[in-house]
Trainee: 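Quick one: the structure is below, and I'll ask about it shortly.
Lettering follows sequence order; numbering is per chain, from 1.
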Amino acid sequence: MSVIKRFFFYAVSLISLGMLSGGAALIITLLVDIFTDRGATSVGRGQFNAETFSMGLALAVIGGVLWAFFWRYIQKHTANDIEEQGSAIRAWYLNLVLFFALSTFISAAVEFLAGLVNGFNEYDYIADWVGRLIIAAAVWYYHHRVQAKEGQPSSAAKTLRRWYLYIFSVWGLAYLSIGLVQLIYRAVVWLPIWGDTTRVVSGIELGFAAGFGITGAFVWWLHWFRLAKGDIQSTLRQVYLYLFAILGSVIAGLTALVTTIYQLLRYALGGAPGATPVYFQFLGWTIPLLLVAATIWLYHRQVARDEAALMPSVRSSARRVYSYLMSLAGLGGLVAGIIVLIGLLLRLLIAALSTSAVAGTGGGFWQSFLSLAIALLAVGAPMWYYYWGRVNKMVAAGGIEERRALTRRFYLYFLLAAGVVAAATGLSAIIYQLLSSILQGNFGVTFLRESIWGWQCLLVALPFLFYHWSVLRADQKLGAEVTVTQKKAVTLLTTPENTALLYEKIEAKFGHKPRLLRYQPASGETIPLLTDAEVEKIIAGIETAAGGRLLLVVNGKGWQVFPYEER
Amino acid sequence: MKSPNRWLLIFGVVIGALALTAVALVLTLNQDSPLLPVDTPAGVVQRFILALKENDYETAESYLSAALIARQGSTPWKDYYPSNYDPPAWQATLGETIYKNQTAIVPVTLDTFHSGSPLANSVYSRSIAFTLVTENGVWKIDQPDYFWGFFY
């Protein structure tokens with residue numbers, strides 16, 4: 001099939017499948033509504049039913065006929081044709097259908113479960129939920145079976161499948177976490193320990209918490225434990241593990257910890273005068289969130305470690321990414337703490353300089369400021385100090401190769417960019433307020449008061465900018481950014497054990513990741529593990545070999561380097 | 001000591017010193033001004049705000065003009081402050097009073113603290129102009145009409 005023809009067939013199939021699904025869902029909705037006699041469609045019932053039925057039938061019949069024709073044609077031309085099965089357009093079609101079907105299923109399932117826990121009141125549109133649930137599940141299951149039967153015969157199909165899998169792994173995990181924390185919070189608030197003012201917990205709040213939890217657990221289990229099982233070579237899996245699961249849970253846990261310390265400090269410093277037991281209800285969500293975040297963090301960190309152990313070539317980079325991410329999270333808390341602290345000190349200075357009367361303060365204005373600053377500093381500073389210290393140890397042990405690591409370069413340049421933007425924003429705000437106050441003739445405390453935010457940005461950005469710039473300069477002086485002039489593309493043909501010994505050294509030395517081929521030993525051939533001295537000799541051999549493309553073979557007869565060209 | 005580590009130590013010492021200064025200042029200083037004379041517009045506005053803070057709506061209403069009460073009814077805004085309502089921390093600062101004909105305008109800057117956005121600006125500032133008129137020689141608040149959400 002030509003690309004245009006393929007696009008046409010899949011586009012029409014997608015649209016007609018949408019019509020068929022929408023129409024079928026309308027008919028099921030109507031049938032459930034009539035069968036359960038819940039009265040949700042009782043307004044103008046006869047006319048409503050007739051119109052719904054007509055619309056549903058029209059969509060289902062026209063969409064169904066079109067879809068059956070186009071889909072049958074596609075399936076007929078795809079059967080036993082690996083190229084067709086692996087086409088990017090087919091992969092897009094299948095994954096889009098799976099995405100929309102499962103998204104619809106999730107939203108309907110959450111609403112249905114919320115209604116179920118709440119006891120289905122008269123305003124709940126159960127029929128609509130049931131209709132969407134049945135159709136979304138059927139569409140998802142059919143296309144899932146089609147995809148499972150074919151597998152992913154092309155890299156485009158593999159990549160799109162991974163996007164689908166990890167999007168729903170994140171989605172499911174997020175819903176599960178939200179549901180669990182909400183459920184525990186509602187239960188804690190419901191306890192008769194909060195004095196006279198007991199907050200009423202509604203069935204619908206509890207229902208949505210249960211809906212999020214159950215749906216999230218199912219979606220996460222299905223995608224993470226079943227469908228993405230063993231997919232350890234995937235880059236998107238690393239994004240899921242490190243960026244969403246590990247960094248996400250750390251940020252959620254830190255938020256809960258900072259909130260707990262902040263609220264307790266605020267109370268201890270007298271910032272919550274007249275606080276009743278209800279004040280402490282925040283513990284009902286911060287403690288569960290801490291526990292849930294810690295569980296997610298521990299589990300995914302272990303998974304990341306286990307998977308890195310199976311791939312020696314990425315073991316050190318996994319450890320590096322983890323350390324820099326943790327360092328970044330700690331730095332975020334520390335910077336936020338200093339921003340609040342400087343804001344507090346500037347406001348205290350303005351209060352001392354100002355002749356305006358303070359009519360009053362309430363809710364512990366100064367104590368709240370101070371408590372938040374201390375809470376953020378108490379959490380962010382030790383975390384940054386620990387993980388940044390770990391990074392520095394890695395650099396001390398790894399030398400120039402560690403300083404050259406992409407993660408480190410990205411981390412330092414990201415902080416440099418953030419620092420420059422924050423400093424420039426702060427300086428702009430200060431100059432704007434300065435000019436404005438001079439032109440309006442009210443320079444003085446008013447200028448200082450109006451430019452507090454600018455000062456906060458500038459005063460926090462400058463030292464961190466300077467520090468990270470000096471780290472970057474030190475790296476540059478040691479040659480971390482010296483371009484590797486002798487770039488060689490190396491293809492490596494050997495055993496996995498020898499690949500592990502050579503992979504990183506070749507990449508660091510010649511600026512390219514080697515292409516890997518697995519050597520199949522002849523019967524009775526044994527391939528010894530390379531010694532450090534042999535590895536050094538091989539690196540030197542590649543360096544001196546002529547040509548930019550080299551095939552390195554390490555087998556039972558020793559090692560050889562062959563120059564080659566692509567045909 | 002290597003250069004970046006030396007800077008790290010200096011940062012740590014400076015941040016520690018700033019934090020200790022902040023703790024000392026917050027714990028020792030009383031930021032609220034003493035009560036201003038009740039026969040001044042600023043004194044009336046200050047007492048009105050303090051009455052709201054204490055949920056003393058009867059006293060708060062006593063600082064309002066008859067015209068304002070007639071316009072809005074009898075303190076309907078008090079319903080917006082339930083007993084267990086925990087407003088954000090706030091500070092109200094009075095500006096210079098401006099006298100104009102038989103009225104006085106007291107500008108009030110209301111800063112409310114929000115802990116949820118530490119990487120952004122934690123303080124939300126609003127300017128509210130209180131207009132006062134004299135009734136039987138006593139300053140009364142005539143504007144603004146509505147006070148619900150005052151401490152948000």
Trainee: Tell me, for A:Arg449 versus chain B, whether the close heavy atoms (under 4.5 Å) come from the side chain, the backbone, both or neither.
Mentor: side chain
Trainee: Indicate yes or no: at least one non-hydrogen side-chain atom of A:Arg347 is less than 4.5 angstrom from one of A:Ile452.
Mentor: yes
Trainee: Taking ring-ring contact (aromatic ring centres under 6.0 Å, His included) as the definition, give me every residue that meets it alongside A:Tyr411, ordered by chain and number, with sequence neighbours left out.
Mentor: A:Tyr324, A:Trp388
Trainee: Identify which part of A:Trp384 has an atom lying under 4.5 Å from any heavy atom of chain B, answering side chain, backbone, both or neither.
Mentor: side chain
Trainee: Below 30° counts as parallel, above 60° as perpendicular, anything between as tilted: where do the rings of B:Phe113 and A:Phe365 land?
Mentor: perpendicular
Trainee: Using non-hydrogen atoms only, which part of A:Phe466 is less than 4.5 Å away from chain B: side chain, backbone, both, or neither?
Mentor: side chain
Trainee: For chain A, which candidate among B:Thr109, B:Leu27, B:Leu36 shows the most heavy-atom pairs at distances under 4.5 Å?
Mentor: B:Thr109
Trainee: Restricting to ring-ring contact (aromatic ring centres under 6.0 Å, His included), what partner residues turn up for A:Phe464, sequence neighbours left out?
Mentor: none
Trainee: For A:Arg403, which of A:Asp475, A:Leu472, A:Val471 qualifies under side chain to side chain contact (heavy atoms under 4.5 Å, CB included)?
Mentor: A:Asp475
Trainee: Examine whether an atom of B:Val23 lies under 4.5 Å from a heavy atom of chain A, and if so say whether it belongs to the side chain, the backbone or both; otherwise answer neither.
Mentor: both
